[in-house]
Structures are given as C-alpha cells and as structure tokens.
**Student:** 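Here's a structure for you.
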Amino acid sequence: MNFEQVSGYKYRIPRTGKMRTDAVFYASEEILKDLAAENYASLRQICNVATLTGIVEPALTMPDIHWGYGFPIGGVAAFDPDEGGVVSPGGVGFDINCGVRLLTAPLGREDIARRSKELADALYGAVPSGVGSVRKDVRFGRKDLRQIMERGPEWLVGRGYGREEDLEYIESRGRLPDADPDHVSDRAYERGLKQLGTLGSGNHFLEVQYVDEIYDEEAAGAYGLSEGQVTVLIHTGSRGLGHQVCQEYVELFLEAAPEYGIELVDRQLAAAPIESPEGRAYLGAMSAAANFAFANRQLITHFTREAFESAGLGDGLRVLYDLAHNNAKFEEHGGRKVLVHRKGATRAFGPGNPEVPARYRSAGQPVLVPGDMGRYSFVLAGTEGSMRETFGSSAHGAGRKLSRKKAKKAAKGRNIIREMERLGILVRAASRATVDEEMSEAYKDAAGVVEATHAAGIGRKVARLRPLIVVKG
DNA sequence: ATGTAC
C-alpha cells in the first residue's frame with residue numbers, strides 16, 4: 001500500500017490503476033498499526049471506491065475505518081450527478097440510517113442512583129429489543145407506514161408521539177425529501193410494520209448515562225450539557241425494512257451496472273448512475289427507509305419518556321440531537337451539488353452552517369460518537385476543518401477489536417452482566433450471547449478514535465458520557 | 001446490521 005503523510009493525522013493514497021481520484025485517510029500511529037495488521041484490506045476498499053464513475057476528489061475514510069461490505073466502514077464518498085456520478089447501496093450499508101439520538105434530562109446522576117433498577121426495568125419493558133423484536137402496544141397500518149416513510153418523525157409528533165420542538169434537533173428534521181415509498185417492496189413494508197419503536201440487536205443499544213467530563217465549556221453550554229447531568233443515548237436504525245431495501249437494490253444494481261458501462265472492481269460495489277431510473281428508485285427507497293429510522297428513534301424517545309415518568313423521574317427529556325451514520329444525501333460542497341455517501345460516518349457541519357439548529361450554530365453541529373457499553377461515548381462538534389476536507393463528515397464510533405466469535409470465546413465462563421454490575425452499570429438484555437459479543441474488550445477504545453478526530457481537526461471534543469444503564473438486544 | 005439460510 002503506497003501512501004504519504006500529509007500532516008500529523010492525515011494520509012494520502014495517490015491515484016493509481018483504475019482509481020479516478022486520490023484517497024485520503026485519517027489515522028493515529030495506533031490506527032495505522034491496525035490497518036497494517038489487516039494487510040490494508042480496508043484501505044484497499046477505499047481505493048476501490050475511488051474507481052467508481054463520477055466520484056469527486058477525494059475518496060475518504062474517518063479514523064474509525066474498518067472493513068465493510070464493499071465500502072469500508074468510516075467511508076465518505078461524494079459523487080456528481082452531472083458527471084455520471086453513481087449511487088451505491090454498499091456505500092450506505094445494510095442498516096440504512098443506522099444512527100444515534102442523544103436526550104438530556106434535567107436530572108443529576110444521584111437522582112438516577114436511587115431508582116436505577118426501577119428505571120432499568122421500565123426501559124427494558126418500554127423498548128422491545130433483540131433480533132426480530134416487534135411492538136405489540138401500538139399498531140400501524142400500511143397507510144400509516146407510507147406517511148412515516150414520507151414524513152418521518154413529524155408524522156409521529158402529529159399523533160402525540162413526541163413534541164414539536166424535538167423535530168428541530170434531528171438532522172434534516174428527520175425527513176429526507178427524496179423519499180418515495182412506491183419504491184419500497186411489499187416485503188420491506190411487512191418487515192417494517194411491526195418494528196417501529198424497537199431497538200434490534202448487535203451493537204444497537206439504549207443507554208442511560210451521565211456527563212463525566214466536559215472539554216469545551218462553550219459548546220457544552222450551547223448543547224445544554226453540564227457535568228454530572230443525566231443523558232440517554234439511543235443507537236438503532238431501520239431494522240428489517242432498511243435491510244430488505246438494501247438487499248433488493250444490491251441485486252438490482254448488479255444487473256444494472258454493466259448496462260450503464262459501470263465497471264465494478266468488486267461486486268459489492270454494485271452501483272447505478274444517480275440520474276437513472278434504478279438510481280432514482282434506490283434513492284427513493286433508501287430515503288424512505290432513512291425516514292423510517294428517524295421515526296424509529298422518535299417512537300423510542302416517546303416510550304423512553306414514559307419509562308422515566310413511570311420510574312418517578314419526570315418528563316423533562318429533551319432531544320439534544322439525532323444523527324445518522326449510514327446514508328447518502330445531496331449537499332452542496334465546493335460550489336456544486338453532490339451526493340455524499342456516509343457509511344459508518346456522520347455529518348459534521350461546522351459553525352455558522354444554516355443546517356445547524358440556531359441554538360448550536362456558533363458551536364457547530366453536535367457529532368455523537370458512541371463507544372462500547374462499559375466505557376464511554378463522546379459528544380464532538382463539527383468544525384471548519386470537516387467542512388473544508390471531508391465533505392462535512394466525521395467519525396461515528398469505536399469499531400470492533402475482536403470478531404463476534406472471538407468475543408464469545410473471551411466471555412466463556414464469565415458473567416459479563418455481573419461484571420458490568422460491579423462497575424456500577426446495570427444491563428438489561430434480550431440475549432446473553434449478544435452481551436458477550438458486545439462486551440467492552442471486544443471494542444477498540446473510542447477515546448483513540450476521538451483523539452485522532454480532534455487532532456486531525458475534523459471534529460472537536462465537547463464532552464464524555466459514561467453509562468449507568470444499558471438496554472441491549 | 002439482518003425473521004444471523006426463502
């Protein structure tokens with residue numbers, strides 16, 4: 001792998017072979033070692049992405065880069081629709097609009113301590129979790145689902161599931177304008193109907209946390225965060241609906257790509273021109289699934305508020321921000337409209353951007369970086385650097401260190417839930433196996449990703465959050 | 001991530 005160091009944490013892979021642009025990646029010394037240890041498999045993936053038609057210089061990866069389906073996780077790639085630019089389901093990921101929503105409570109850590117078991121049980125009861133989990137207390141019909149896919153959380157708020165002010169603090173108000181439910185299959189509809197308001201499995205979670213350190217008082221003040229304060233972090237996506245959409249369009253695009261003269265150096269990069277019937281259909285379905293995911297986090301927020309109330313903790317939960325980390329969106333960068341794919345990468349718009357809520361505008365957009373369930377998560381802010389260098393993007397999480405299989409082996413004979421409890425963290429989970437796979441030591445330290453992001457100037461550290469209660473699939 | 005193999 002041929003690359004050169006541009007600055008402390010920034011590297012460039014010069015264009016070679018079929019690449020149409022250079023690739024740029026961000027890494028610390030430690031991340032560089034991890035990349036070498038996997039024989040640069042994920043860097044080769046970003047070089048593959050750079051071969052796709054209509055890509056706008058450069059193809060990028062964030063500091064939490066790791067191997068993914070076609071595109072690497074942590075990948076950012078922009079395409080120009082006027083230059084034959086493509087859209088690729090592998091550049092968005094199977095869990096369309098997987099993302100995180102952070103809530104803040106007008107409570108201190110000590111307020112939770114007295115009722116933590118009660119709250120943990122209430123939350124676990126309020127938010128169905130695990131593979132195939134469904135909601136039985138609210139029923140949505142096909143017409144409702146259609147509205148949800150078109151309008152996102154706004155529709156739910158209109159039905160009493162949340163507050164008008166919630167919407168202002170969701171990326172793009174939780175409504176991607178290109179959504180077209182007509183391009184979502186019956187099968188995807190079926191899978192989505194019962195899954196709105198559920199968590200799912202794997203790395204998805206709902207955590208009650210507290211703010212344990214503030215790095216940037218001004219930004220934290222703007223976001224409404226103070227030391228010791230209670231927060232709730234919700235990490236989930238579009239469940240079976242988004243998965244079904246992705247699967248169907250990967251298959252369609254494998255057929256379509258050669259018809260449009262798109263050469264695929266890897267089948268998992270299946271793509272179609274943005275301006276083609278297939279490309280537009282995927283954008284319609286993907287945006288619909290994205291709106292469903294925003295709505296999913298909205299409904300979970302509603303039931304989280306109910307759980308807090310039932311545990312005698314009031315109804316003061318406010319949405320700090322809701323941020324996608326698997327999607328493709330039209331944005332203006334460098335004076336032209338491009339389709340930015342972010343796969344395991346977040347939008348990170350800098351100070352002054354009109355897309356950032358007025359209350360946060362001088363600080364920059366909140367960037368939420370979930371860590372593992374035993375350590376911590378981070379709040380960052382978007383910067384001028386991210387706007388200049390990464391199409392307004394930043395890192396999205398810690399990244400696995402051990403495979404699921406290796407994690408299970410490491411957890412054998414141990415009781416991870418009890419170990420967590422000894423650390424003062426209550427765990428409620430649908431499956432012991434998932435908790436084993438998700439234990440702290442299966443993940444890289446999120447602090448490493450955050451340090452590299454901060455040092456590279458594509459995000460600014462604002463606060464650190466520590467878990468108190470974890471609800472898992 | 002995923003009705004973890006329609």
Side-chain angles (χ1 to χ4, degrees), chain A residues 42 45 64-75 88-101 127-136 145 184-206 233-252 268 270 282 285-286 288-290 292-294 296-297 300 323-328 341-346 370 372-373 396-409 429-438 442-443 471-473:
Chain A
S42 40
Q45 288 193 305
D64 48 347
I65 178 175
H66 54 282
W67 192 91
Y69 180 90
F71 285 53
I73 315 290
S88 173
V92 170
F94 269 84
D95 189 3
I96 294 165
N97 190 1
C98 186
V100 276
R101 175 182 290 213
V127 185
S129 60
V131 179
S133 52
V134 295
R135 274 215 96 85
K136 291 176 181 159
L145 186 53
V184 175
S185 69
D186 286 346
R187 202 159 168 190
Y189 259 85
E190 286 305 317
R191 293 182 71 172
L193 274 171
K194 294 174 182 169
Q195 293 190 324
L196 196 72
T198 67
L199 205 53
S201 183
N203 65 357
H204 291 167
F205 62 76
L206 183 152
L233 190 62
I234 298 160
H235 179 198
T236 186
S238 51
R239 309 285 286 107
L241 187 148
H243 188 270
Q244 189 67 33
V245 167
C246 181
Q247 195 182 344
E248 289 169 11
Y249 281 91
V250 163
E251 285 163 22
L252 178 69
Q268 295 184 352
Y282 171 69
M286 183 272 294
F292 176 87
F294 283 127
N296 189 25
R297 295 192 286 273
I300 290 172
L323 184 63
H325 51 229
N326 276 6
N327 65 9
H341 293 63
R342 296 191 180 93
K343 181 190 193 178
T346 69
D372 62 81
M373 65 185 192
H396 90 302
R400 289 196 85 86
K401 188 168 75 182
L402 302 178
S403 67
R404 296 192 178 281
K405 202 172 170 182
K406 279 184 180 161
K408 258 185 196 155
K409 203 174 163 188
S431 142
R432 279 278 300 269
T434 299
V435 174
D436 290 354
E437 288 171 6
E438 290 292 312
Y443 279 85
V471 177
K472 289 289 290 183

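If you're wondering where the values come from, they're calculated on a predicted model, not measured in any experiment. Below, all heavy atoms of this structure are taken into account, side chains as well, without hydrogens, waters or symmetry copies. Throughout, protein chains are lettered first and strands after them, A, B, ... in sequence-line order, and every chain is numbered starting at 1.
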**Student:** Over all strands shown, is A:S238 touching base, sugar-phosphate only, or nothing at heavy-atom distances under 4.0 angstrom?
**Tutor:**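 A:S238: no heavy atom of the nucleic acid under 4.0 Å.
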
**Student:** Does one side chain, of A:R297 or A:N97, offer a donor that lies under 3.5 Å from an acceptor on the other?
**Tutor:** yes

**Student:** Expressed as a whole number of angstroms, how long is the span from A:Q247:CD to B:dT2:P?
**Tutor:** 13 Å

**Student:** Answer with base, sugar-phosphate or nothing: what part of the nucleic acid does A:E190 contact at a heavy-atom distance below 4.0 Å?
**Tutor:** nothing

**Student:** Find the distance A:K194:NZ to B:dT2:P and express it as a whole number of Å.
**Tutor:**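 Atom NZ in A:K194 sits about 17 Å away from atom P in B:dT2.
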
**Student:** What integer distance in Å separates A:E251:CD from B:dT2:C1'?
**Tutor:**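 Spelled out: CD on A:E251 to C1' on B:dT2 is 14 Å.
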
**Student:** Minimum heavy-atom separation for A:R239 to A:S133, with atom names?
**Tutor:** NH2-OG, 3.0 Å

**Student:** Atom NE2 of A:H204 to atom C1' of B:dT2: distance rounded to whole Å?
**Tutor:** 10 Å

**Student:** Taking atom C1' of B:dT2 as reference, at what distance in whole Å does atom CD of A:E248 sit?
**Tutor:**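 The distance from CD of A:E248 to C1' of B:dT2 comes to 13 Å, rounded to the nearest Å.
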
**Student:** Hey, is A:E437 close enough to A:K405 for a salt bridge, meaning N to O under 4.0 Å?
**Tutor:**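 Not counted as a salt bridge, because no side-chain N and carboxylate O are separated by less than 4.0 Å.
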
**Student:** How would you list, by chain and number, every residue that makes a side-chain contact (heavy atoms from CB on, under 4.5 Å) with A:A285, sequence neighbours excluded?
**Tutor:**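 A:A285 satisfies side-chain contact (heavy atoms from CB on, under 4.5 Å) with A:H183, A:V184, A:V245, A:Y249 only.
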
**Student:** What's the closest nucleotide to the side chain of A:R187 if the choices are B:dT4, B:dT2, B:dC6?
**Tutor:** B:dC6

**Student:** With a 4.0 Å cut-off on heavy atoms, is A:G202 in touch with a base, just the backbone sugar-phosphate, or nothing at all?
**Tutor:** sugar-phosphate

**Student:** Roughly, in whole Å, what's the span from OH in A:Y69 to P in B:dT2?
**Tutor:** 17 Å

**Student:** Take atom CZ of A:F94 and atom P of B:dT4, then tell me their distance rounded to the nearest Å.
**Tutor:**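 For the pair A:F94 CZ and B:dT4 P, the rounded distance is 14 Å.
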
**Student:** Rounded to whole Å, how long is the line connecting atom CD of A:Q195 with atom P of B:dT2?
**Tutor:**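 Atom-to-atom, A:Q195 to B:dT2, this comes out as 8 Å.
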
